[in-house]
Amino acid sequence: MTELKIYNSLTRQKEAFAPLTPGYVGMYVCGPTVYSDVHLGNCRTFISFDIIYRYFKYLGYKVRYVRNITDAGHLEGDRDEGDDKFSKKARLEKLEPMEIVQKYTLGFHKVMELFNNLPPTIEPTATGHISEQIEMVKHILKNGYAYEIDGTVYFDVEKYDKEKPYGILTNRKLEDLLEGTRELSGQEEKKGRLDFALWIKAKPEHLMQWPSPWGMGFPGWHIECSAMSGKYLGKQFDIHGGGMDLAATHHTNEIAQSEACFDMSPARYWIHTNMLTVNGARMSKSAGNGFLPGELFTGNHPLLEKAYAPMTVRFFMLQTHYRSTLDFSNEALQSSEKGLKRLWEAYENLEHLKQGAMFPDVGVDTDLDSRCQELITEFDISMNDDFNTAKVLACMFELVPVINSIKGGQVAPDRISRATFDRLHHQFTIYLHDVFGLRDEATYDSGHLAGVMQLLIQIRKEARARKDYSTSDKIRNELQQQGILLKDEKDGNVSWTVQ
Ligand code: AMP
Ligand code: ZN
């Protein structure tokens, strides 16, 4: 089997994946900032990492997947002034900041579940790790890469850059970065234009604040991820991920913090997912062009022509490689809806064939058989090539007509060998369910319906047995109104069909 190669943003090339500890993967992904609902763009990033997590599991790794909840700090525009977003929202909604956090964390979990994302193995919160963040700031101060001014601690970027390249992640020199940053106004207390806050002094009216060696305050946004990844994955771990928009500031600062604290780069591989766009513009909270998943599932948004099921959206995302931009459109979603339906139908056919045909291996068409084998092998090869889900799906769609024509009788089942068929069935099953995390919503729903129908048929049978025809007629008539027809078969059984 080919080896797994990952595009590492840090080195800007595809590299063979070699974990720090054989058989184990440590992965940290920046989680949501829970002062508002996640939009579909955020979901794209979390779905991409869910696939990566699932694929590592499929390869047999034991994965520690840490995805944090940002529930503190996070100033507007990452400037070291003003109120944090949680306090602002709490005032606006007349709630406690922690009520805001709870409300949007629960909402986030619900959305993740609807998209069938597996939960991370650890989901730490920033507010639950204040002391770890303070310890790290103390350490950076002690190592001489930070300074305190009136209760606020800043990271000294220019001093750090004299020893290690600050812009390493985006491959930019300090001079260029400085050029692109506005001059200090003279009102600001920090020394350098690129310096960022590790700890921020809180005004008395600030709602979220904690005691620290520098007085009452709250952590800067970047330090939380350094502190929590360090705590749960160690000073250095395998993979750090997040959206591409985080690379230039948040992740650049995380690297600088870890280097300044531990003299070590935090992650060996940096994975960045590309943006979901709407009419070419990045979907974001601040731009106001973010669909909420709930709006998508109900179709309740002026830009939506109809409602789309969570699995349609998941499938839509899988059809594009995670490092390419993905533009939202109704047409694209509608074609994903059709594509997914075709795939499930083919899978159902596979299931059917598995139970029935015997594949006696007498008339094997070697060309067809080896083409099928090649395409099945391509699943893993494509995933090993930087998690290319789009390519796997293309292979699956090439196999769909073969499956359908065997099922339809146009191709005799013995044209492919039993071994090929079994592998086809096995890899389709594993990939659709375990690696891609797709749920067949039709069978999921009809599975429930079948259970309910059985119950109603039983109640009707019992009613008829005691000559309670009004109840049995009521069940039949009301079901008919719902579009479900009951048919009394000759053998005494009752069958049902949906109109
Ligand atoms: P936030 O809650 O804004 O910190 O974002 C949570 C995650 O979603 C981060 O990893 C972001 O990089 C990612 N993200 C934000 N906007 C988009 C977008 N339009 N497309 C894909 N990922 C995004
Ligand atoms: Zn982070």
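Read the numbers this way: they start at 1 and go in the same order the structure lists the ligands and their atoms. In what follows, residues are counted from 1 in the order of the sequence shown.
Panel note: side chain Arg193, backbone Thr181; a donor-acceptor pair is recorded below 3.5 Å.
Nearest residue to atom 6 (C) of ligand 1 from Leu40, Asn42, Val29 is Asn42 (criterion: closest heavy atom). The option with the heavy atom closest to atom 23 (C) of ligand 1, from among Ser48, Ala281, Gly41, is Gly41.
A 6.0 Å sphere centred on NE2 of His426 holds no more than 12 heavy atoms belonging to other residues, nucleotides or ligands. In this structure, Lys62 places its NZ atom where only 12 or fewer heavy-atom neighbours from other residues, nucleotides or ligands lie under 6.0 Å away. Residue Glu93 places its CD atom among more than 12 non-hydrogen atoms of other residues, nucleotides or ligands, all under 6.0 Å distant.
If you number the atoms of ligand 1 from 1 as listed, the ones under 4.0 Å from a heavy atom of Arg282 come out as 15 (C), 16 (N), 19 (N). Atoms of ligand 1 lying under 4.0 Å from any heavy atom of Pro32, numbered from 1 in the order shown and given with element: 2 (O). Within ligand 1, the atoms closer than 4.0 Å to a non-hydrogen atom of Met275 are 17 (C), 18 (C), 19 (N), 20 (N), 21 (C), 22 (N), 23 (C), numbered from 1 in the order shown.
Taking the side chain as every heavy atom from C-beta outward, Glu305 and Glu331 approach each other to under 4.5 Å.
An N or O contact shorter than 3.5 Å links Gly243 to ligand 1 by distance. For ligand 1, the polar-atom distance check against Thr45 finds a nitrogen or oxygen pair separated by under 3.5 Å. Not one N or O of Trp221 is nearer than 3.5 Å to an N or O of ligand 1, by distance alone. Between Ser284 and ligand 1, no pair of N/O atoms sits closer than 3.5 Å. Residue contacts with ligand 1: Leu246 is placed with no nitrogen or oxygen under 3.5 Å of a nitrogen or oxygen of the ligand (distance criterion only). When only interatomic distances are considered, the shortest N/O to N/O separation between Asn274 and ligand 1 does not fall below 3.5 Å. Between Met283 and ligand 1, at least one N/O pair is under 3.5 Å apart. Considering both main-chain and side-chain atoms, Met244 never comes within under 3.5 Å of ligand 1 through any nitrogen or oxygen pair.
For His250, the N, O or S atom closest to the Zn ion (ligand 2) goes by the atom name NE2.
Rounding to the nearest 0.5 Å places CE of Met311 at 9.0 Å from CH2 of Trp344. The distance from the CD1 atom of Ile149 to the CH2 atom of Trp214 is 14.5 Å, given to the nearest 0.5 Å. For the atom pair Phe379 CZ and Asn388 CG, the distance stands at 13.0 Å (nearest 0.5 Å).
In summary, Lys110 and Glu113 do not engage in a salt bridge, as defined by a charged side-chain N under 4.0 Å from a carboxylate O. Between Lys201 and Asp150, at least one side-chain N (NZ, or NE/NH1/NH2) sits under 4.0 Å from a carboxylate O, which counts as a salt bridge.
Residue Asp386 forms a salt bridge (charged side-chain N to carboxylate O under 4.0 Å, His left out) with just one option from Arg323, Lys14, Lys5, and that option is Arg323.
Ligand 1 has no atom lying under 4.0 Å from any heavy atom of Thr277. Put simply, part of His39 is less than 4.0 Å from ligand 1, judged by heavy atoms. In this structure, Asp245 has a heavy atom closer than 4.0 Å to ligand 1.
Counting backbone and side-chain atoms alike, Cys225 contributes an N/O/S atom closer than 2.8 Å to the Zn ion (ligand 2).
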